[in-house]
Number of protein chains: 2
Amino acid sequence: MEKIDNLDRQILEIISQNARIPFKDVAAECGVSRAAIHQRVQRLIDLGVIVGSGYHVNPKSLGYRTCTYVGIKLEKGSMYKAVVAELQNIPEIVECHFTTGPYTMLTKVYACDNEHLMDLLNNRMQEIPGVVATETLISLEQSIKKEIPIRADK
Amino acid sequence: MEKIDNLDRQILEIISQNARIPFKDVAAECGVSRAAIHQRVQRLIDLGVIVGSGYHVNPKSLGYRTCTYVGIKLEKGSMYKAVVAELQNIPEIVECHFTTGPYTMLTKVYACDNEHLMDLLNNRMQEIPGVVATETLISLEQSIKKEIPIRADK
DNA sequence: TTTGAAATCAGTAGCAT
DNA sequence: ATGCTACTGATTTCAAA
């Protein structure tokens with residue numbers, strides 16, 4: 001997109017895996033000065049390539065023992081925006097996509113247990129006007145969880 | 001799980017959204033000293049509540065214009081581990097879950113364009129022994145992308 | 001893009017609650 | 001057991017080249 005070179009990619013590769021690494025270490029690994037890293041990172045933020053940072057929290061530690069994907073079918077696709085507005089109010093929904101395929105939309109939902117999940121499905125999601133059906137895909141085991149790959153060439 | 005109190009939650013709430021915020025600011029917001037934050041964060045790391053950190057990169061900036069979920073049906077559920085091992089080698093696959101519902105497993109895949117996606121599906125994923133069918137749910141728009149909610153009580 | 005100085009911040013230890 | 005103060009060294013920021 002906007003002239004991202006190999007140094008940028010190398011920096012992204014490192015800091016996307018560890019947000020707290022001192023920039024001088026990044027600099028050493030990349031073979032440039034510390035200031036170069038600062039300037040590049042700032043530029044990547046300004047360009048919108050970097051959209052934030054955060055510590056990763058283990059869901060189980062917070063009592064979220066159930067991770068599920070919920071496919072939602074809508075009466076009409078055009079109701080999508082209104083439904084999303086409602087879904088925004090449910091904190092347990094961490095992702096929502098408008099999708100091709102068997103569902104109108106696909107959401108990712110964390111719940112504490114089956115009872116909590118049941119409550120979210122029956123009393124929250126299925127109550128939203130326009131939602132005609134939901135299908136629940138419970139994740140019994142998450143086997144892969146990576147960051148997006150930083151491509152070597154562009 | 002292991003005695004996470006409200007101060008812990010307040011800290012997690014802040015640093016899960018911003019890994020680079022100075023701990024002195026976290027301390028100010030929580031109304032405790034910096035050292036307390038250090039101790040708490042270190043403890044949360046030791047307990048496995050915090051599992052890492054990272055900068056968030058905008059997929060589009062790296063040329064990934066297509067985000068998809070791919071449901072995979074296996075000949076036998078018991079082949080799951082072997083299939084996961086193969087999927088590990090495909091960098092574009094960033095998530096993989098063993099699921100209840102219509103598929104044996106659900107994966108999240110980033111691709112540059114439809115041609116790239118086609119290649120991943122036909123030449124990589126469907127070639128894996130045990131995979132009998134795939135169904136592709138292309139995300140036309142991602143409307144919600146949050147961190148996991150930090151529960152107020154627990 | 002680099003360097004170096006000034007300002008800010010992190011991490012530690014010992015004390016107090 | 002947890003938080004606080006104070007200290008030391010590391011890191012970030014910002015100048016000029």
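Naming: A, B, ... by sequence-line order, numbering from 1 per chain.
Note on the helix from C:dT1-D:dA17 to C:dT17-D:dA1: angle between the axes of the first and last five pairs equals 30°, rounded to 10 degrees.
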For residues 82-92 of chain B, dump all side-chain donor-acceptor pairs below 3.5 Å to protein atoms at least two apart in sequence or in another chain.
{"from": "B:Glu92", "atom 1": "OE2", "to": "B:His116", "atom 2": "NE2", "distance (Å)": "2.9"}

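Every pair passing side-chain hydrogen bond (donor to acceptor under 3.5 Å, both in side chains) that includes a residue from residues 101-112 of chain A is listed here, sequence neighbours excluded: A:Tyr103-A:Glu135, A:Lys108-B:Glu95. Sorted by first and then second residue, the side-chain hydrogen bond (donor to acceptor under 3.5 Å, both in side chains) pairs involving residues 49-59 of chain A (not counting sequence neighbours) are A:Arg20-A:Tyr55.
Applying the side-chain hydrogen bond (donor to acceptor under 3.5 Å, both in side chains) criterion to A:Asn18, with sequence neighbours excluded, gives no partner residue. Every side-chain hydrogen bond (donor to acceptor under 3.5 Å, both in side chains) that B:Thr134 has, sequence neighbours left out, goes to B:Gln126. Residues forming a ring-ring contact (aromatic ring centres under 6.0 Å, His included) with A:Tyr80 (at least two apart in sequence, or on another chain): A:Phe98. Taking the salt bridge (charged side-chain N to carboxylate O under 4.0 Å, His left out) definition, one finds that A:Arg34 meets it with nothing, sequence neighbours left out. Shown here are the salt bridge (charged side-chain N to carboxylate O under 4.0 Å, His left out) partners of A:Asp46, two or more places apart in sequence or in another chain: there are none. Evaluation of the side-chain hydrogen bond (donor to acceptor under 3.5 Å, both in side chains) rule for A:Ser16 yields no partner, not counting sequence neighbours.
Among the atoms of the strands shown, none is found under 4.0 Å from any heavy atom of A:Leu7.
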Protein heavy-atom contacts under 4.0 Å, written 5' to 3' over nucleotides 7-17 of chain C as B (base), S (sugar-phosphate only) or - (none), form the string --SBBB-----

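You can see that DNA chain D meets the heavy atoms of chain B within a 4.0 Å-exclusive cut from D:dT2 to D:dT12, reading 5' to 3'.
Note that CG of A:Asp8 and CZ of A:Arg40 are 4.5 Å apart. Values are rounded to the nearest 0.5 Å.
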